[in-house]
Amino acid sequence: MPLTIYNTLSRTKEPFQTLTPNQVKMYCCGVTVYDYCHLGHARSYIVWDSVRRYLQWRGYTVEYVQNFTDIDDKILKRADLEHSSMTAVAEKYTAAYFEDLHRLNVRDADSYPLATGHIQEIQDLVTDLEHKGFAYAVDGDVYFRVRKFAEYGKLSQRHLDDLQAGAGDRVEAADPDQIKKEYPFDFALWKAAKPGEPSWESPWGNGRPGWHIECSAMIQKQLGETIDIHCGGGDLVFPHHENEIAQSECAHDRPLSTYWMHNGMVKLSGEKMSKSLGNFITIRKLLDDYRDGNDHQIDPMTVRLFVLTAQYRKPMDFSDASITAAGQSWQTIKDGLLFGYEFGERLGWADLAPIRSGAISTTTEEVDRFRTAVDDDFNFAEGLVVVFELAKELRKVGNIITHDSEQTVDPNLLRDKWQTLIELAGVLGLEVNPDELKVETTGLSDEAIESLLTERQIARANKDFATSDRIRAQLTEEKIVVIDKAGVPSTWYRS
RNA sequence: GGCAGCAUGGCCAAGUGGUAAGGCAGAGGUCUGCAAAACCUCCAUCCCCAGUUCAAAUCUGGGUGCUGCCUCCA
């Protein structure tokens, strides 16, 4: 079974075929840098990062490009608010983007083009469209002539007639630019400069690019006239992606992208999380300040897991309960991932370094199941089943070793399973730092602990359980786990 | 109002015609002074109605509810 991808264009899953064998050109719509990223952004970029990782794992060479929109009304507004400049605001939030997304283990794109870095390409494209009759200039603005493109609406499956009917009163709203247009749904390719705003010289006078045109220009420059996958949030289908198609396909007379992929929205209390609604949780707030149902901080990997348990196209709800559950699930996977680092030596493994793909001998069954699952339109949730199975198996053995020191599974098999787990989780960007095993030193020395345990042992012998329980509680407070065993002295370890 | 999509146990969620994966949480048991671990057992007929079929959560039709887009938006 080949890899299949749900294509928004056809609204069906299609077998994945690249333009050039084994090579994928992928473009993802990035953020407008005027504020911190929230969970919705996190979902989007975690999903596309995982798609990219998976394609690479499947043997494709992926060229992944993601833009930053660094010229826009909202940035200007923000600059005003922060008594700053457009450039400074854009740079500040671009830096914040990288900080936040790196924490979530989202890998960098191969390039991050900026709108302001492609003014010439944008103007060339607009000029081209103008020559071909798809664009017209009015008072320094340039608009795209939507009715000239017969396929307009093919991505979002809506027709201009419907739009017109649906828009109703809104279109007649007092937008001064509206009256300049030949047709209400024509959209701006280039906007005449307003006083005090950044602008560039152009054939139509001083001005700046419209929003949609930058992506068309940057894709052409960075990846070519036709790419394999264009992805982004589902809220971009209309009008943004629809307009990109119109611009690029009218200019080049060939498809902009073979596949269009869109991720579902993150909801909060049943409503889309968005800046305009004000109901968003930023990534940094979630990671730094939020406490889950168990009063724990949110591990960045928990966020990743949370996102990947949902089918990427479906809307998903963020709630205290769901992020708490994800945190507990992550603990299971984490235990599995740490297994080798913690017990490998005791099991006599020659080498603790994880072996990468190709070297796995006895566990191909798991790898096959994982691949079959994820090949179906990136069904990560289904793939996670295999990850959980492996993790739980290893955790179990780890617990047996910790508690009884008598485990009977073949160490080499365990090693293979562990490496399979590391590989498959890694495909999803779920990784653990072996340093996490280094316990923070508690206030108690080993000697102090032993002494308390002796005291407790005496109390237990005297059936003074109140005292023994108090000592257990005290040790638990210091993150010491005590295990009682029949006939032999109790053991302990730092959790 | 128009367009698109979704509806599975307490929560998340898989399943795309053959008799309900997995995770989290929970219950009972063995063991245990307590705790931990291990092991065993239990926990849904898939929004409603009608239809197609030997067989439907899965297909068709009609309802109901929810969401997104139609304005900046991942």
Side-chain angles (χ1 to χ4, degrees), chain A residues 8 11 13 28-32 34 37-48 69 72-74 77 153 156-159 161-171 173 175 185 211 231-240 242 262-267 270-277 280 293 305-306 309-311 313-317 319-333 373 376 379 381-389 391-392 396 398-404 460 463-466 468-469 472-473 476 481-486 490-491 493 495:
Chain A
T8 306
R11 310 270 160 166
K13 287 181 192 172
C28 179
C29 281
V31 289
T32 300
Y34 75 100
C37 288
H38 58 64
L39 233 193
H41 301 112
R43 181 185 191 186
S44 190
Y45 300 116
I46 286 170
V47 163
W48 306 126
T69 298
D72 167 271
D73 285 336
K74 293 197 169 177
K77 206 172 148 192
S156 53
Q157 299 203 165
R158 58 189 85 193
H159 307 283
D161 300 340
D162 296 335
L163 281 172
Q164 195 157 30
D169 45 323
R170 245 185 308 249
V171 171
D175 180 357
F185 296 99
W211 174 41
C231 54
D235 50 355
L236 297 181
V237 173
F238 188 90
H240 186 54
E242 196 69 72
H262 294 95
N263 66 277
M265 302 293 100
V266 175
K267 297 190 297 172
E271 260 192 331
K272 177 188 174 190
M273 183 181 289
S274 76
K275 300 253 179 80
S276 29
L277 289 171
F280 59 90
L305 184 62
F306 171 72
T309 50
Q311 214 289 337
R313 282 185 279 117
K314 284 192 184 178
M316 71 186 303
D317 252 304
S319 68
D320 214 53
S322 56
I323 198 70
T324 303
Q328 265 152 328
S329 299
W330 166 242
Q331 188 60 47
T332 300
I333 295 177
D376 179 14
N379 193 336
E382 184 73 7
L384 277 168
V385 169
V386 180
V387 170
F388 273 110
E389 272 178 28
K392 292 190 90 168
K396 179 172 154 182
N399 280 327
I400 289 175
I401 294 174
T402 302
H403 291 267
D404 298 296
R460 289 178 72 207
K463 307 248 183 235
D464 178 7
F465 296 123
S468 74
D469 286 350
R472 176 188 285 285
T476 303
V481 178
V482 179
I483 301 160
D484 295 331
K485 292 174 184 174
S490 301
T491 57
Y493 64 93
S495 67

Table of protein N/O atoms under 3.5 Å from nucleotides 24-26 of chain B N/O atoms:
{"unit_1": "B/C24", "atom_1": "OP1", "unit_2": "A/T332", "atom_2": "OG1", "d": "3.0"}
{"unit_1": "B/C24", "atom_1": "OP2", "unit_2": "A/K392", "atom_2": "NZ", "d": "3.3"}
{"unit_1": "B/C24", "atom_1": "O2'", "unit_2": "A/Q328", "atom_2": "OE1", "d": "3.4"}
{"unit_1": "B/A25", "atom_1": "OP1", "unit_2": "A/Q328", "atom_2": "NE2", "d": "3.1"}

Distances for protein N or O near nucleotides 30-33 of chain B N or O, under 3.5 Å:
{"unit_1": "B/G33", "atom_1": "O6", "unit_2": "A/R456", "atom_2": "NH2", "d": "3.3"}
{"unit_1": "B/G33", "atom_1": "O6", "unit_2": "A/R460", "atom_2": "NE", "d": "3.2"}
{"unit_1": "B/G33", "atom_1": "N1", "unit_2": "A/S468", "atom_2": "OG", "d": "3.3"}
{"unit_1": "B/G33", "atom_1": "N1", "unit_2": "A/D469", "atom_2": "OD1", "d": "3.1"}
{"unit_1": "B/G33", "atom_1": "N2", "unit_2": "A/D469", "atom_2": "OD1", "d": "2.8"}
{"unit_1": "B/G33", "atom_1": "N2", "unit_2": "A/D469", "atom_2": "OD2", "d": "2.7"}

Polar atoms only, N or O, under 3.5 Å: list the protein pairs with nucleotides 39-43 of chain B and their distances.
{"unit_1": "B/C39", "atom_1": "OP1", "unit_2": "A/K396", "atom_2": "NZ", "d": "2.0"}

Could you pull out the protein-nucleic contacts involving nucleotides 6-10 of chain B (nitrogen or oxygen on both sides, under 3.5 Å)?
{"unit_1": "B/A7", "atom_1": "OP1", "unit_2": "A/K314", "atom_2": "NZ", "d": "3.3"}

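Within the 4.0 angstrom heavy-atom criterion, base atoms lie near A/V482. At the heavy-atom level, A/Q311 lies under 4.0 Å from the strands shown only through sugar-phosphate atoms. Heavy atoms of A/V386 sit nowhere under 4.0 angstrom from any nucleic acid atom. Residue-level contact check: A/H38 touches the bases, meaning some heavy atom is under 4.0 Å from a base atom. Note on A/G40: a base of the nucleic acid sits closer than 4.0 angstrom, heavy atoms only. Note on A/K77: nothing from the nucleic acid sits closer than 4.0 angstrom, heavy atoms only. Across all strands, A/D464 comes closer than 4.0 Å to no nucleic acid atom at all (heavy-atom distances). A/Y45 comes within 4.0 angstrom of the backbone, heavy atoms only, and of no base. Residue contacts for A/I483: at a heavy-atom cut-off of 4.0 Å it reaches a base atom on one of the strands shown.
Not one side-chain nitrogen or oxygen of A/K272 sits closer than 4.0 Å to the OP1 or OP2 atom of B/A74. Between A/N399 and B/A38 there is a side-chain N or O to OP1 or OP2 distance below 4.0 Å.
Not a single salt bridge (Lys or Arg N to Asp or Glu O under 4.0 Å) links A/D464 to another residue, sequence neighbours left out. For the side-chain hydrogen bond (donor to acceptor under 3.5 Å, both in side chains) test, no residue two or more places apart in sequence or in another chain qualifies with A/Q328.
Using cut-offs of 30° and 60° for the angle between ring planes, the A/Y45 and A/H41 rings count as parallel.
In the set B/G5, B/A37, B/A74, the nucleotide with an atom closest to the side chain of A/R11 is B/G5.
Distance, A/M265 CE to B/U67 P: 15 Å, rounded to whole Å. Rounded to whole Å, atom P of B/G23 lies 12 Å from atom CG of A/L384. The interatomic distance linking A/H159 (NE2) with B/C69 (C1') rounds to 15 Å, in whole Å.
Between the side chain of A/S276 and the base of B/C72, at least one donor-acceptor pair of N or O atoms lies under 3.5 Å.
Side-chain atoms of A/H38 come within 3.5 Å of backbone N or O of A/G40 as a donor-acceptor pair.
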